[in-house]
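So the structure is just underneath, and the comments pick up after that.
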Amino acid sequence: MIKIIVRRLLEFVPVLFIIVTLVFFLIRLAPGGPFDRDKEVPPEVRKQLEAYYNMGVPLYQQYFDYLAGLARGDLGPSFKNASYSVNEMIGMSFPNSLELGFYAMCVAVTLGLLAGISASLKPNSLRDYVPMSLAMVGICVPSFVLGPLLVLVFSLHFDLLPVAGWNTPASKVLPSLTLGAMYAAYIARLSRGGMLEVLSNDFIRTARAKGLSETRVVLRHALRGGIAPVVSFLGPATAGILSGSFVVETIFQVPGLGRQFVESAFNRDYTLVMGTVLFFAALILFFNLLVDLIHTWLDPRLRNA
Amino acid sequence: MPSAATSEIVEGIVIEEGASLWGDALRRLAKNRLALFGLITLSAIAFVALITPAIAPYPYDAQDLEYGAQSPNAEHWLGTDRLGRDLLSRLMYGGRISLMVGFAATAVSLLVGVLYGAAAGYFGGRLDSFMMRIVDIMYALPFTIFVIILMVFFGKNIILLFLAIGAVEWLTMARIVRGQVRSLKEKEFVEAAVAMGLPSHTILTRHLIPNALGPIIVYATLTIPNVMLLEAFLSFLGLGVQAPMSSWGLLIREGQEQMEEFPWLLIYPSIALSLTLFSLNFLGDGLRDALDPRASKD
């Protein structure tokens with residue numbers, strides 16, 4: 001087990017290296033630079049700026065310097081906010097994104113599992129059709145449509161919740177719902193399918209024949225196998241929730257990593273773009289690994305593979 | 001007359017054989033009401049998009065600054081925005097762009113994915129594991145981020161949008177085609193083709209790819225909504241189609257900014273995009289059930 005984890009962790013290194021290299025040269029080869037403003041910067045100021053950000057040296061030298069910084073865990077100073085380092089800026093925005101992602105995941109898993117499992121216990125009844133139709137709506141309505149529509153109804157029409165922001169508990173409801181809804185829909189469909197398959201197995205019939213209560217049959221015997229497809233989906237779902245935060249954080253003005261990334265790209269803040277991309281990539285790799293481990297734990301047949 | 005009778009019989013056999021797979025699939029598709037609904041809605045939307053320049057009430061960038069934003073009325077059925085642009089016209093032109101991006105980028109991903117997957121599956125061995133390892137690594141990359149970087153740093157033009165989205169979406173297609181080709185390769189008719197001395201590319205294009213067509217079509221139908229969603233997402237962030245041009249993502253963004261005063265600017269584009277995505281998903285699910293009855297529903 002530990003061997004597998006170590007091997008997977010070692011695989012992160014080349015992937016992250018490829019990402020660093022690709023993004024580093026991609027953004028520097030593109031036309032335009034971080035010091036291009038409407039007003040021309042005086043040459044001596046420009047020279048100082050370039051020295052501060054290590055841009056006076058040849059490109060390959062910048063690249064190796066950046067890699068050396070990375071090895072020390074230093075992502076460099078931000079171009080836009082010169083007084084902050086990229087490490088500090090990520091440190092400020094990430095907790096907000098993590099909180100938002102966590103709530104969204106709770107929404108997705110709770111709503112999704114409840115709807116999916118309850119639908120699977122009475123297939124082809126009203127209890128199946130209603131949540132499954134809602135799930136189809138959840139899949140087809142993208143977050144940047146759902147978010148504004150929720151604001152329109154709950155904030156502007158009924159005046160129940162704030163339009164935007166991320167400071168009071170009430171302001172966190174709509175962003176979390178918006179981000180989690182689509183994944184709740186997928187989880188509902190997956191858990192319904194998985195449960196239906198497991199419930200048709202012989203061992204479930206045996207459990208029922210033993211006279212176990214229906215709750216016990218479902219919770220103790222069917223659930224573990226039935227939610228396996230949901231677990232494999234959690235990897236892509238985490239990646240999706242992370243990149244979904246671009247839109248949701250922009251709509252609701254949440255000061256998180258996603259909005260920071262989009263803004264840094266618009267500002268051509270080279271170091272901040274690099275830093276956030278790397279951070280996102282590492283997060284996605286990490287969550288994929290975590291999901292694989294949960295999978296192995298749930299399905300012992302995978303342990304020797 | 002004996003010759004005519006023979007040819008009739010032969011024809012009968014040919015027709016029956018040719019119809020069995022696709023005819024069967026069509027029959028199953030026709031029974032699926034949701035898929036039919038999707039097909040009909042989609043055809044209607046595509047038809048409107050095709051003839052938009054002839055039937056749109058106003059040009060997409062025509063402004064009527066005298067009145068500003070108007071709620072839906074007899075002259076402007078879906079109202080106008082702050083610059084007095086007719087929403088119905090912008091919605092129709094936007095649909096053209098959104099659908100075009102959807103189909104063109106899917107075509108790019110189809111081309112790359114099918115060729116790549118077929119080559120990997122057909123040649124097998126080390127080349128195959130090397131090519132699939134690349135796909136695995138690319139799966140791990142945060143692609144939305146790359147597309148955003150590409151669009152910000154290399155200008156927001158539509159051709160680049162096609163290429164960037166197509167480049168993201170080909171991976172799954174490559175995997176599916178590779179799996180199909182690998183299992184087909186073991187079949188006798190491919191062995192026969194090899195024994196006849198046909199060159200590899202002929203075997204691939206004449207024998208392997210046509211037989212993998214079912215899953216390819218199904219996955220392509222399911223790729224189109226993903227692509228349209230990505231385009232809308234980029235336009236929503238201000239990175240895709242630029243004003244005064246129009247696309248559904250862009251209209252939703254504009255609508256979101258002004259929804260307090262002019263809610264119709266948000267509602268109608270949202271309906272248009274969601275309805276199209278619904279139809280594509282229903283049709284894709286229906287096609288999957290029709291062409292590949294073994295595949296599970298979820």
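Excluded from the calculations below are hydrogen atoms, water molecules and symmetry mates; all remaining heavy atoms, backbone and side chain alike, are included. Reminder, nothing fancy here: chain letters follow the sequence lines and each chain counts from 1.
- Residue B:Leu275 does not touch chain A at all, counting heavy-atom pairs closer than 4.5 Å.
- B:Leu234 CG to A:Phe246 CZ: the interatomic distance, rounded to the nearest 0.5 Å, is 10.5 Å.
- Only the side chain of B:Leu266 comes within contact range of chain A, judged by heavy atoms closer than 4.5 Å.
- Both the backbone and the side chain of B:Phe278 come within contact range of chain A, judged by heavy atoms closer than 4.5 Å.
- For A:Phe12, the CZ atom is densely surrounded, since the number of other residues' heavy atoms within 6.0 Å is greater than 12.
- Smallest separation of non-hydrogen atoms from B:Leu277 and A:Cys140: CD1-O, 3.3 Å.
- Of the two parts of A:Ile251, the backbone and the side chain both hold a non-hydrogen atom closer than 4.5 Å to a non-hydrogen atom of chain B.
- For A:Phe286, the CZ atom sits in a loose shell: 12 or fewer heavy atoms of surrounding residues, nucleotides or ligands are nearer than 6.0 Å.
- Counting heavy atoms from C-beta outward, A:Phe261 and B:Ile149 have side chains that approach closer than 4.5 Å.
- Residues A:Leu152 and B:Ile267 are in side-chain contact: their nearest non-hydrogen atoms beyond the backbone lie under 4.5 Å apart.
- With values rounded to the nearest 0.5 angstrom, B:Ser274 atom OG is found 13.0 Å from A:Ile139 atom CD1.
- Put simply, the side chain of A:Phe144 does not reach to within 4.5 Å of the side chain of B:Gln256, judged on heavy atoms.
- For A:Val163, no part sits under 4.5 Å from any heavy atom of chain B, backbone or side chain.
- Heavy-atom neighbours of B:Arg182 CZ from other residues, nucleotides or ligands within 6.0 Å: at or below the threshold of 12.
- At a 4.5 Å heavy-atom cutoff, the contact between A:Leu26 and chain B is made by backbone and side-chain atoms alike.
- For chain A, the nearby part of B:Ile252 is the side chain; its heavy atoms alone come within less than 4.5 Å.
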